[in-house]
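Take a look at the structure below.
Chain identifiers are assigned alphabetically (A, B, ...) following the order of the sequence lines, protein sequences preceding nucleic acid strands; residue numbering begins at 1 within each chain. Treat the numbers as computed from the prediction; the structure is a model and nothing was measured.
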There are 2 protein chains.
Amino acid sequence: MITLPEKTVERLCKYRRVLYNTISAGKQHIFSHELANLLQITPVQVRRDIMLIGYSGTLRKGYDIKDLISLIGNILDTPEGQKAAIIGLGNLGSSILTYFNGKRAKLSIIAAFDIDPQKTNRVFGGVQCYPVDRLEEVIKAQGIRLAILTVPANQSPDIVEVLAMSGVKGIMNFTPKALHVPDNIYLEEYDMVTSMEKVAYFIKQN
Amino acid sequence: MITLPEKTVERLCKYRRVLYNTISAGKQHIFSHELANLLQITPVQVRRDIMLIGYSGTLRKGYDIKDLISLIGNILDTPEGQKAAIIGLGNLGSSILTYFNGKRAKLSIIAAFDIDPQKTNRVFGGVQCYPVDRLEEVIKAQGIRLAILTVPANQSPDIVEVLAMSGVKGIMNFTPKALHVPDNIYLEEYDMVTSMEKVAYFIKQN
DNA sequence: TTTTAATTGTGAAAATGATAACAATGTGAA
DNA sequence: TTCACATTGTTATCATTTTCACAATTAAAA
């Protein structure tokens, strides 16, 4: 399968989410403009994304919701599910942990790490917290490939190195420090402060 | 002043952040390639952004850090500072509140809202928590123009309507539901679950 | 049955964003 | 002083993403 554009992947996640709601509401088919309305985007964009994943709707009936959900699942999910670890169980880290787990069937946080001995070797939100010096061991043993970074900024570079060695292939970086990762690791910078400042700028502009 | 590209604005925020660190370390000038290294981007991009904000460096000396910081400040900040409210003081909401406040001088959360009577009329992280039915009143009175949405998804549409009426001009949406906002409101969708799924997809691909 | 109209699928154009390439310039070395 | 070269500023190019425009099709109405 060819790699889809990043923006299309983001929208596929959102399509799936609203399609679940739609099917619970008893619908079986949906038009591109309906799906577009639910997400505040254009119908063309919906059709183009669906074209890119190689699905076809029925003219005048729209897209079969079940088919679409299952196709998006094939694209986004792995059959066994993907395992993630969260590194840093401070205020932000622990609320992300509880907020996230259970939201997606095929993607879950199964290990946590912290340096604070008060936190390690305990269970938070159903997830075991290990000391950071066991990162490599645990990640390898559990086959974790996705890491969520919520440590204080100054600690992140060292941790990235260990993560890379441990076989992690994707990082969500919640720390405000831009990370340097090897080419084979996919990095998503998720910096709230920057996003807030951006919003503030566009408020100022209007 | 012309409106800058969205991506440039994001980078300006990041430039400023690392420039503060650099100046604390005693440097007075910085080259485009140095700034680029700190953010893991290319020197051309740095030069182009700086060109777009109308600043000029000195050949063979680089950019004056203080000037650059202050120019970026002129662009991003308002002199009085911008005021934000957070709506929904659950797990995620409260950790965002404590995480964010103090990070930026000219941008702060000055009011919180919740429906839970256990939380309202108390102070969290230095910020007063009001009942949601006082949204419009408080936002108008305090001149708040930026809202951070961390309520359960089903409640968000109603709240957006009130926010729009109250004069809010920008929304950071942490809820997983795509919002419908009027044209004159800038919306930043900040959905962690979607971002995680995107990372998972690119892990699967490689 | 024929017509109408709604909807899909997609090539082409436009907009946005990133990179390449290089002329201009002035600093420091010789 | 002159020369070499590091660095900026910017134009042109390339890549990605979104939108436009419209042919093709077929379900439902007449």
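- When the P atom of D:dG9 is taken as reference, atom NE2 of B:His33 falls 14 Å away, rounded to whole Å.
- A residue-by-residue look at A:Glu6 and A:Lys61 shows that A:Glu6 has its nearest nucleotide of DNA chain D further toward the 5' end.
- The pair A:Arg17-B:Asp191 meets the salt-bridge criterion, since a charged nitrogen lies less than 4.0 angstrom from a carboxylate oxygen.
- Judged by distance alone, with hydrogens and angles left aside, the side-chain atoms of B:Thr150 form no donor-acceptor pair with the main-chain N or O of B:Leu92 at under 3.5 Å.
- Ion pair A:Glu10/A:Lys14 not flagged as a salt bridge, since none of the NZ, NE, NH1 or NH2 atoms sits closer than 4.0 Å to an Asp/Glu carboxylate oxygen.
- Outside the 6.0 Å centre-distance limit, the rings of A:Tyr186 and B:Tyr201 are not counted as a close aromatic pair.
- Distance B:Leu68 CG to D:dG9 P: 11 Å, rounded to the nearest Å.
- Rounded to whole Å, atom P of D:dA6 lies 17 Å from atom OH of B:Tyr63.
- For the pair A:Phe31 CZ and D:dT26 C1', the interatomic distance rounds to 12 Å; values are reported in whole Å.
- Taking atom CG of B:Leu4 as the reference point, atom P of C:dG17 lies 11 Å away to the nearest angstrom.
- At a threshold of 4.0 Å, the pair B:Glu80-B:Lys106 does not count as salt-bridged, since none of the basic side-chain nitrogens sits closer than that to a carboxylate oxygen.
- Between the base of D:dT7 and the side chain of B:Arg60 there is no donor-acceptor pair shorter than 3.5 Å.
- Side-chain N/O atoms of A:Ser56 include one lying less than 4.0 angstrom from OP1 or OP2 on C:dG9.
- Salt bridge B:Lys27/B:Glu34: present, at least one basic N to carboxylate O contact under 4.0 Å.
- Atom-to-atom, CE of A:Met51 to P of C:dG11 comes out at 7 Å; the value is rounded to the nearest Å.
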Checklist entry - Once each nucleotide of nucleotides 18-24 of chain D is scored for protein heavy atoms under 4.0 Å, what B/S/- sequence comes out, 5' to 3'? => result SBBB---
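- The NZ atom of B:Lys103 lies 8.5 Å from the OG1 atom of B:Thr98; values are rounded to the nearest 0.5 Å.
- In this structure, CG of A:Leu52 is placed 11 Å from P of C:dG11, rounded to the nearest angstrom.
- In this structure, the CD atom of A:Glu34 is 14 Å from the P atom of C:dA6, given to the nearest Å.
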